[in-house]
Amino acid sequence: MILYELDAINEQYFSPYCWRILMSLNHKDLYKGVKRIQVKFSDKSLISHKGFNTVPVLEDDDNWTGGSLKIAEYLEKTYPNQPSLFRGAENMNLTSIINQMLDTKIIGILARIIVGDVYKVLQPEDKIYFRETREKILNKTIEEVDLESSKYIPILQKELNPFRKVIRNNNFFTGSKPMYCDYILFGFFMWARNTSPKQLLEKNDVLWHWRERMLNLFDGFARKSNGFGIK
Ligand SMILES: N[C@@H](CCC(=O)N[C@@H](CS)C(=O)NCC(=O)O)C(=O)O
């Protein structure tokens, strides 16, 4: 199996969507058989010949799948005897709704907090493309967005409240074991961890402790990745 992911300097691989799949592959005990190949923002030829324009993309024998949720569903269907990411088709539908809601809510806020830091860990040849595309989306220069980043931390904090409510009495979002739902949100925290020194959560936050549990999963797989450690 090959996972195509984004490149970064110092192997600080940060794509939130790729992190969902890295965690899912570990969850399904398939990670050992995976080769990770880095794709550049400025050169996507490794995936574009199959019609893909974003990572993650998973190549499994002759099957190519793109889009994090589609990959998770593919893994679930193709490897039904490995630990389940969704526990049932109904949950898969519910998770898909949560996925869409979270992606639209969180990405815009978190991008405004960390985009300046992400820019610093890009490969030099990716910086022009990244600046052009991101400044168009954010309608400001990366430097202007970075100057206002602290304004968005409380906004992010507030958006996370629904998760705090469920995690208060559970180790993970649906109970005692992590599920794909946990990996959706966790991917965003890995995006921040591996690019930015900014602190997003306080130590007395239930989500801080959830994130610690997530970092510890699979023998500390995520914690061992190159990034900025605690925040
Ligand atoms: N909905 C897609 C989003 C994937 C996505 O946007 N990936 C980013 C990296 S985090 C990407 O490849 N961007 C390429 C680009 O901006 O040209 C998914 O869930 O996989």
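In what follows, residues are counted from 1 in the order of the sequence shown. Note that ligands are numbered from 1 as they come in the structure, with each ligand's atoms numbered from 1 the same way.
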Q: Would you find a donor on one side and an acceptor on the other, under 3.5 Å apart, between the side chain of Gln157 and the backbone of Leu200?
A: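 Yes: the side chain of Gln157 pairs with the backbone of Leu200.
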Q: Is atom 1 (N) of ligand 1 less than 4.0 angstrom from at least one protein heavy atom?
A: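 It does not; no protein heavy atom is within 4.0 Å.
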Q: Provide, to 0.1 Å, the distance between atom 10 (S) of ligand 1 and the closest protein heavy atom, together with that atom's residue and name.
A: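 Here the nearest protein heavy atom works out to Ser15 OG, 3.2 Å.
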Q: Taking heavy atoms and a distance under 4.0 Å, where does Arg134 meet ligand 1: side chain, backbone, both or neither?
A: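 Contact part for Arg134 vs ligand 1: side chain (C-beta onward).
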Q: For Asp7, is there an ion pair with Lys40 - N to carboxylate O distance below 4.0 angstrom?
A: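 So Lys40 pairs with Asp7 through a salt bridge.
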Q: To which protein heavy atom is atom 8 (C) of ligand 1 closest, and what is the distance rounded to 0.1 Å?
A: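 Result for atom 8 (C) of ligand 1: Val55 O, 3.9 Å.
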Q: Non-hydrogen atoms of Lys44 versus ligand 1: any pair closer than 4.0 Å?
A: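 For ligand 1, residue contact (heavy atoms, under 4.0 Å) with Lys44 is present.
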Q: Quick check: does any side chain N or O of Ser225 sit under 3.5 Å from a backbone N or O of Ala222, one acting as donor and the other as acceptor?
A: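 Side chain of Ser225 to backbone of Ala222: a pair is present.
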Q: When the ring planes of His27 and Phe218 are compared, do they come out parallel, tilted or perpendicular, using 30° and 60° as the limits?
A: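 Judged by the thresholds at 30° and 60°, the geometry between His27 and Phe218 is perpendicular.
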Q: Is it the side chain (CB and beyond), the backbone, both or neither of Trp191 that lies under 4.0 Å from ligand 1, heavy atoms counted?
A: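 Neither; nothing of Trp191 gets under 4.0 Å from ligand 1.
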Q: Polar-atom distance check: Thr54 versus ligand 1, any N or O pair below 3.5 Å?
A: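 N/O-N/O distance below 3.5 Å does not exist for this pair.
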Q: Between Ile113 and Phe186, is there a shared hydrophobic cluster once you connect ILVMFWY residues whose side-chain heavy atoms come closer than 4.5 Å?
A: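 Yes, Ile113 connects to Phe186 through the hydrophobic network.
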Q: Against ligand 1, does Gln100 come closer than 4.0 Å with any heavy atom?
A: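 Gln100: no contact with ligand 1 (<4.0 Å).
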Q: Would you check, one step at a time, whether the test salt bridge (charged side-chain N to carboxylate O under 4.0 Å, His left out) holds for Lys50 with Glu59?
A: CA-CA 10 Å; Lys50 288 284 175 183; Glu59 181 184 349; over 6 Å; no
Q: Kindly state whether the ring of Trp19 and the ring of Phe221 have centres lying under 6.0 angstrom apart.
A: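 Distance test on ring centres: under 6.0 Å, yes.
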Q: May I ask you to decide if the ring planes of Tyr180 and Tyr183 are parallel, tilted or perpendicular, using 30° and 60° as cut-offs?
A: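 Ring orientation of Tyr180 relative to Tyr183: perpendicular.
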Q: Output the list of atoms in ligand 1 that are nearer than 4.0 Å to some heavy atom of Gly67, sorted by atom number.
A: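 Near Gly67, meaning under 4.0 Å from one of its heavy atoms, ligand 1 has 18 (C), 20 (O).
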Q: Select the closest option to atom 6 (O) of ligand 1 among Tyr17, Phe130, Phe52, Tyr129, judged by heavy-atom distance.
A: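 That would be Tyr17.
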Q: Would you mind running through ligand 1 and noting each atom that sits below 4.0 Å from a heavy atom of Pro56?
A: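 Counting atoms of ligand 1 from 1, those under 4.0 Å from Pro56 are 20 (O).
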Q: Closest non-hydrogen protein atom to atom 19 (O) of ligand 1, residue and atom name please, with distance?
A: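 Answer, as residue, atom name and distance: Ser68 OG, 2.5 Å.
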Q: Against ligand 1, does Leu6 come closer than 4.0 Å with any heavy atom?
A: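 Within the 4.0 Å threshold, so yes.
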Q: Using the ring of each side chain (for Trp, its six-membered ring), is Trp64 parallel, tilted or perpendicular to His49, with breaks at 30° and 60°?
A: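 Rings of Trp64 and His49: perpendicular, as their planes differ by over 60°.
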Q: Atoms of ligand 1 less than 4.0 Å from Pro16 heavy atoms?
A: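 Answer, ordered by atom number: 10 (S).
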